[in-house]
Student: 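Below: one structure in structure tokens.
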Amino acid sequence: MICDFHSHALFGIDDGAKDKQMAVAMLKKAKSDGVDTVLLTSHCYPENYEDIDRFIEKRDRICDELACIEGLPNLVKACEVHITRDIARFRNIRKLCIENTNYMLVEMPHAPWTDKTIDTVYKLNIRGITPIIAHDERNMHQRPELHNALYDLDVLIQVNAPSLFKFSDRKKVDKLMRRGLAHVIGSDMHNMTNREPCMEKAHRRIINRYGEECWRYLMRNSEKILNGEEVTYRDFRSFKKKGMF
Ligand SMILES: [Fe+2]
């Protein structure tokens, strides 16, 4: 299975696909690149529990509209939840988990983290949720002790495929991989131009840079998550191509 774990292919809900036509074009391109499954991870910024219900209602409506179209990959309902406040206290927070699982894709704040930020993630754990940290390579400017505190919690890490193609970001991805802190990968596609579907390119890059076994590991993890199974941490040095790290 080839899974794109992070996408903004739903239309009219965030800064991703502008309309249905663009959404279909993005998903068809993904399919022609060999992607079987795409997680629909539109941005969600819950301020209260009503926001969550409204978001779910809208997301499901758009998703169901796309699901009727032939020739698209399997679509999985999910979202990218911004950690802006103590979201764990909302009684319906579990609705934002990836379809039929206890996993939730979360986006950490870009602003400096505090103990409170980490505490919010911890409280999600208490609610039985395993947060998956979206594109964690973007969080490298945060204080290391807070970042390490985050890794001590029950979390998994997602990396962005486009980061494999930018020198500075690639170094950050290497760092995560070296520590066994990269579990799934996604395109984070937003459109067909500058943030386009790119999993085929990413597949080739991962194989060249880290080896075939690494790619299989990332895809297997996606499958396990969607099946609600546990993912085990694995030291990526075991995948390394000679001289890589
Ligand atoms: Fe995103």
Side-chain angles (χ1 to χ4, degrees), residues 5-6 39 41 43-47 52 78-90 93-94 96-98 101-186 188 202 206 209-210 214 217-218 221-222 224-225 229-240 244-245:
F5 210 87
H6 187 155
L39 272 75
T41 54
H43 291 290
C44 180
Y45 302 89
E47 297 280 324
I52 296 175
C79 60
E80 181 177 10
V81 190
H82 199 66
I83 302 276
T84 43
R85 54 186 65 239
D86 184 11
I87 58 168
R89 75 193 145 93
F90 300 137
I93 191 68
R94 294 178 59 89
L96 298 178
C97 285
I98 297 166
T101 77
N102 294 322
Y103 293 99
M104 180 187 287
L105 187 69
V106 302
E107 181 176 22
M108 300 298 286
H110 183 75
W113 296 352
T114 62
D115 289 341
K116 235 176 163 178
T117 318
I118 305 304
D119 200 46
T120 299
V121 178
Y122 172 66
K123 285 178 181 162
L124 288 173
N125 279 170
I126 300 287
R127 295 284 308 265
I129 296 166
T130 301
I132 301 174
I133 312 299
H135 36 63
D136 193 38
E137 68 276 16
R138 285 194 200 162
N139 299 325
M140 295 297 165
H141 59 291
Q142 301 291 350
R143 277 163 48 201
E145 63 272 30
L146 289 175
H147 222 142
N148 287 332
L150 176 70
Y151 296 147
D152 282 341
L153 300 177
D154 179 20
V155 297
L156 294 172
I157 309 297
Q158 179 255 320
V159 293
N160 262 11
S163 301
L164 298 165
F165 302 97
K166 287 185 209 142
F167 181 76
S168 55
D169 290 347
R170 200 161 60 217
K171 293 286 160 202
K172 293 173 189 168
V173 174
D174 278 349
K175 202 172 160 191
L176 288 169
M177 294 246 180
R178 200 163 40 231
R179 294 179 66 187
L181 291 168
H183 305 102
V184 285
I185 185 166
D188 202 0
I206 290 273
R209 198 164 174 82
Y210 308 109
C214 174
Y217 172 76
L218 296 170
N221 285 344
S222 300
K224 281 184 180 178
I225 290 168
E229 294 166 23
E230 208 173 307
V231 169
T232 42
Y233 279 51
R234 183 162 168 190
D235 187 336
F236 270 59
R237 277 168 293 195
S238 60
F239 302 138
K240 76 166 185 175
M244 188 60 240
F245 294 122

Student: Could you pull out the closest heavy-atom pair between L218 and V184, with the gap in Å?
Tutor: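 Closest approach of L218 to V184, heavy atoms only: CD2-N, 4.0 Å.
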
Student: If I take atom CZ from residue F90 and atom CZ from residue R85, how far apart are they, to the nearest 0.5 angstrom?
Tutor: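 Answer for the CZ-CZ pair, F90 versus R85, is 6.0 Å.
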
Student: For the residue pair C79 and L96, what are the closest heavy atoms and their distance?
Tutor: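 Here C79 and L96 meet closest at SG-O, 3.5 Å.
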
Student: Just by distance, do the side chain of Q142 and the backbone of A111 share a donor-acceptor pair under 3.5 Å?
Tutor: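 Yes; judged by distance alone, with no hydrogens or angles, the pair exists.
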
Student: Given side-chain contact (heavy atoms from CB on, under 4.5 Å), test K175 with E137 step by step and report yes or no.
Tutor: CA-CA 9 Å; K175 202 172 160 191; E137 68 276 16; over 6 Å; no

Student: Grab the two heavy atoms, one from A134 and one from E80, that are nearest each other, plus how far apart they are.
Tutor: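 For A134 and E80, the tightest heavy-atom pair comes out as CB-OE2, 3.7 Å.
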
Student: Can you tell me how far apart CG (L150) and OG1 (T120) are? Round to the nearest 0.5 Å.
Tutor: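 That separation rounds to 11.0 Å.
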
Student: Could you report the tightest heavy-atom contact between I118 and A149, atom names first, then the distance?
Tutor: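 Shortest heavy-atom contact: CG2-CB, 4.0 Å.
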
Student: Considering non-hydrogen atoms only, spot the tightest contact between V121 and P131 and give its length.
Tutor: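 The answer is CG1-CG, 3.8 Å.
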
Student: Can you find a heavy atom in the side chain of L105 that is under 4.5 Å from one in the side chain of V81?
Tutor: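 A side-chain contact is absent here, since even the closest heavy-atom pair is not under 4.5 Å.
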
Student: Please check if the number of heavy atoms outside Y122 that lie under 6.0 Å from its OH is greater than 12.
Tutor: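 No, because the 6.0 Å sphere around OH of Y122 holds 12 heavy atoms or fewer from other groups.
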
Student: Without hydrogens or angle criteria, can the side chains of T130 and N102 be said to hold a donor-acceptor pair below 3.5 Å?
Tutor: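 No, no side-chain donor-acceptor contact under 3.5 Å.
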
Student: Give the C-alpha distance, both sets of side-chain angles, the deciding distance and a yes or no for side-chain contact (heavy atoms from CB on, under 4.5 Å) between I98 and I132.
Tutor: CA-CA 10 Å; I98 297 166; I132 301 174; 4.1 Å; yes

Student: Check side chain to side chain contact (heavy atoms under 4.5 Å, CB included) between A88 and all other residues, then give those that pass, not counting sequence neighbours.
Tutor: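 Per chain and number, A88 pairs via side chain to side chain contact (heavy atoms under 4.5 Å, CB included) with D86, K123, L124, R127.
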
Student: For residues V159 and L176, determine if any side-chain heavy atom of one lies less than 4.5 Å from a side-chain heavy atom of the other.
Tutor: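 Heavy-atom side-chain distance check passes, below 4.5 Å.
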
Student: Roughly how far, to the nearest 0.5 Å, is the CD1 atom of I157 from the CG atom of N221?
Tutor: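 Interatomic distance, N221 CG to I157 CD1, rounded to 0.5 Å: 12.0 Å.
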
Student: Measuring from M104:CE to L156:CG, what's the distance to the nearest 0.5 Å?
Tutor: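 If I round to the nearest 0.5 Å, the distance is 13.5 Å.
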
Student: With ring-ring contact (aromatic ring centres under 6.0 Å, His included) as the rule and sequence neighbours excluded, what pairs involving residues 123-148 come up?
Tutor: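 Residue pairs passing ring-ring contact (aromatic ring centres under 6.0 Å, His included), neighbours aside: H6-H135, H110-H141, W113-H147, H147-Y151.
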
Student: Applying side-chain contact (heavy atoms from CB on, under 4.5 Å) to L164 and Y210, what does each step give before you reach the verdict?
Tutor: CA-CA 11 Å; L164 298 165; Y210 308 109; 4.1 Å; yes

Student: Using modelled atom types and a 3.5 Å cut-off, is there a donor and acceptor pairing between side-chain atoms of N125 and backbone atoms of D154?
Tutor: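 Here the side-chain-to-backbone pair exists.
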
Student: About how many Å separate CG of N148 and CZ of R143, when rounded to the nearest 0.5 Å?
Tutor: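 Between atom CZ of R143 and atom CG of N148 there are 11.5 Å.
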
Student: Are the side chains of N160 and R138 in touch, meaning some heavy atoms are under 4.5 Å apart?
Tutor: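 Sidechains of R138 and N160: in contact.
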
Student: Does the side-chain contact (heavy atoms from CB on, under 4.5 Å) test come out yes or no for R170 and R209, once each step is laid out?
Tutor: CA-CA 10 Å; R170 200 161 60 217; R209 198 164 174 82; 3.6 Å; yes

Student: How long is the span from the CD1 atom in I52 to the CD1 atom in I93, to the nearest 0.5 Å?
Tutor: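 It comes to 4.0 Å.
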
Student: Measure across S222 and F5 and return the closest heavy-atom pair with its distance rounded to 0.1 Å.
Tutor: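 Looking at all heavy atoms of both residues, the closest pair is OG-CD1, 3.7 Å.
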
